[in-house]
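First the structure, in the form of C-alpha cells, and then the observations on it.
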Amino acid sequence: MLKGIAASQGIAVAKVYKLEQPVLEIVKKDSVVEGELAKLANAFTKTVEDIKKIKEVASKSLAAEELAVFDAHLMMAGDPELRGQIEDMIKNEGVNADYATQQVANMMVSIFESMDDAYMRERAADVKDVTFRLMCNICGKVIPNLSTIDKPVVIVAKDLTPSDTGSLNKEFAKGFATEIGGRTSHSAIMARSLEIPAVVGVTGILEAAKDGDEVILDAINGEVILNPTPEQVAEYQKKAEAFKAEKEALKALKDKESVSTDGHKVLLVGNIGSPKDAEGVVENGGEGVGLFRTEFLYMKSEDWPDEETQFQAYKAVMEKMDGKPVVIRTLDIGGDKKLNYYTFEEEMNPFLGVRAVRFCLMRKDIFRTQLRALLRASAYGHLCIMFPMIATVGEFKDAKQCYEDARAELIAEGVKVGDKVEVGCMIEIPAAAVLADKIAKYADFFSIGTNDLIQYSMAADRMSQPVSYLYQPLNPSILRLIKMTIDGAHKNGKWCGMCGEMAGDELAAPVLLGLGLDEFSMSATSILNARKIITGLSYAEMKEMAEKALECDTAEEVTELVKKVL
Ligand code: PEP
Ligand code: MG
C-alpha cells in the first residue's frame, strides 16, 4: 500500500494503465540552420494542430473554464517570444532544433519554478507540456493518446499534463495516481472538475506498479493498494458504490433551499481565501459567501496591495456570486499571520496583541485603501463588510466611522458605490459575545468566529497541540456565548451567522440550528452534507434539544444529546 494526497475524492478498483511518455534522447549537434528552422516551423504547426484536436475531445467533458488551459497552450505555441528565442539559438549557435527547444524550455521552466507564488510555480507544467510536444514533433515521436483507452483502468503516471487529463474518457478512466503533484497541480484541479478519483504525490508508484496489475485507488484516504486480495477488492467495491450513491444523493440538494422539516430557513454559505475559491462555493450549492479571508491577498503580495488590485479581487467574487450575499472580512493580520514586507513589533503574546481591526485602527491609511476597494466592489452585488476581532462598542464605532469616511470620499469623487452595503461585526472575543445585545445596536449583522472565540474563552492557544483538548465547540460555556450572541442580534432585528470551523461540524449543526443561527459558513465541500443534515431536522425539536444542551455540565453530555437526534 502506497500513500499520497487525495486530490479528488472517490474510490476506483481497476487495472493499471501505465502512461509512459516517449523518451527523447536529445544531444547537441552542429546543424544546417535552414533545415533546422524548417523542422521547427513544421513542428510548431503540428503542435498547434495537436492541441486543437485535444481541446476538441476535451470540450465534450470539460467546462469552458477548464478548457482555458488549452487556450493558454495554444497561445504559448503561437508565442513569437518562445519561437523567436529558439530560432535565435539555432541561428546564433548553429545547433539542432530539438536541442535549442530543450534549452529554451529548461530556462523558462526554471524561471516559473523559482517563483514564490504556488500557482505560478505550477504553471511551469504548461511550459513543459507544450515544449515536450514540440520536441516530440521535431523528433517524429508519438505521444500516447489516452482517448484511445477502451477498458476500465486506473492511470499511473509520473504526472498527468493538461493534455493528458483533457483526453481522458471518463467511461474508462476510473481514476489516476501520480508520482508527483500537489493539491493545486493541474492534474488535481482537472480531476476535481472531471470528478475522477485521484491520488497525487504517490512516491514510488511508477516503480511498484506494472501494466495490467489490479489496483485499488482510495482517493478518500489518499491510498493506493497494488495487487489487493479478493477480500479487499470486494470491500472496496462496496465502499465505491456507497460513495457514489451518497454523492449522487447529495447533488440533488444543490439547488434546494436549506429548510428544516418544519419550514425554518437558514443560509448555507462558503468560506473562501481567494476569488477563485468562489467557483467551488457555487458548484457546491452555496447560497453566498460567508467569509472571504482577505489577508491571503496581502500575504501573497510583495507589498501592500493597492486599491485597484483589491477592487478587482473583490469585484470578481461579487460577480461570481451574482447577487447572492458576499461577506468580506477586512484585514485580519498579526497573531500567526505575518507579512514579508512589514515587520510587526515583537510581542509576548501576539494573539493578544496588535492584530486584525486593532492594527487597522492604528494604520488607518492601510484600512482606508481596503475600505475604498470594498466600497467600489459593492456596486456589483450584495456586499456585507465585517470587522474581525472587535472587543468593544467603541472599536466597532471607530471602524464603522472609517467606513463612513471612505464612503463619503468616494461619493464626493463621483464613484459608484452600492446602496445596500451591510456593515457587521465578527464575534470572536468573549467580551463582545457577552455584550452582543449592545453591539447589535450599531452593527447590521454578526458572524461568530468560533476558532478564536473558543481559544480566548478556554485560554488555550489554537496553535498548541498539548492544549488542543480544550477546543470544545460543544462545551456548554461556548454554547452559552453563542446563544448570547444570536439573541443579542435578534433582539435588535439583526441576523447572526457563524464562519468558524464549528459551522461545518456535523455534530454542532443541530444545536446551532436550535439556537437560532441564521447563516452557516463553511468550506465549500461541506455545504451539501450540511444541507442534508439540516433539511432532515425539525427546528422545534432542535430548539428543545438546544435548551437542554445549555444546561449540560460537559461537552460529552451535549455530544450524547446530539447523537440521539442525528
Ligand atoms: C475564527 O476565528 O473563527 C475565524 C473564522 O477566523 P480565523 O480562523 O481566520 O481567525
Ligand atoms: Mg478569527
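Just follow the structure's listing: the first ligand is 1, and inside any ligand the first atom is 1.
Counting protein heavy atoms only, atom 6 (O) of ligand 1 is closest to Arg329 NH1, 2.9 Å.
Only the side chain of Arg293 comes within 4.0 Å of ligand 1, counting heavy atoms alone; its backbone N, CA, C and O stay farther away. Residue contacts with ligand 1, taken as heavy atom pairs separated by less than 4.0 Å, involve Lys337 solely via side-chain atoms from C-beta onward.
The Arg462 neighbourhood of ligand 1 comprises atoms 2 (O), 7 (P), 8 (O), 10 (O), with distances under 4.0 Å to a heavy atom of that residue. Each of the following atoms of ligand 1 lies closer than 4.0 Å to a heavy atom of Cys499: 5 (C). Those atoms of ligand 1 with a heavy atom of Gly449 less than 4.0 angstrom away are 1 (C), 2 (O), 3 (O).
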Discussion item. Could you walk me through whether Thr535 and Thr261 satisfy the side chain to side chain contact (heavy atoms under 4.5 Å, CB included) test, starting with their C-alpha distance in whole Å, then the side-chain angles of each, then the deciding distance to 0.1 Å, before giving a yes or no?
Written reply: CA-CA 6 Å; Thr535 51; Thr261 52; over 6 Å; no
Worksheet item: Is there a side chain to side chain contact (heavy atoms under 4.5 Å, CB included) between Ser447 and Ile427 once you walk through the steps?
Response: CA-CA 6 Å; Ser447 184; Ile427 302 289; over 6 Å; no
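With 3.5 Å as the limit, one finds a donor-acceptor pair spanning the side chains of Gln370 and Thr294. Between the side chains of Thr369 and Gln310, no donor-acceptor pair of N or O atoms lies under 3.5 Å.
In this view, Lys276 satisfies the side-chain hydrogen bond (donor to acceptor under 3.5 Å, both in side chains) rule with no residue, not counting sequence neighbours. Applying the salt bridge (charged side-chain N to carboxylate O under 4.0 Å, His left out) test to Arg329 and every residue at least two apart in sequence or in another chain returns Glu295, Asp332.
Counting heavy atoms from C-beta on, the side chains of Leu374 and Thr330 come closer than 4.5 Å.
For residues 489-539, the pairs satisfying ring-ring contact (aromatic ring centres under 6.0 Å, His included) are His264-Tyr539, Phe445-Trp495, with sequence neighbours left out.
With Asn451, Ile448, Ile454, Ile427 as candidates, the residue nearest to atom 4 (C) of ligand 1 on a non-hydrogen basis is Asn451.
Counted within 6.0 Å of CG on Asp365, heavy atoms from surrounding residues, nucleotides or ligands total more than 12; the atom is thus considered enclosed. Within 6.0 Å of CD in Gln401 there are more than 12 heavy atoms belonging to other residues, nucleotides or ligands.
The shortest N or O to N or O distance between Glu501 and ligand 1 is not below 3.5 Å.
Neighbours of the Mg ion (ligand 2) restricted to protein N, O or S atoms under 2.8 Å: the count is 2.
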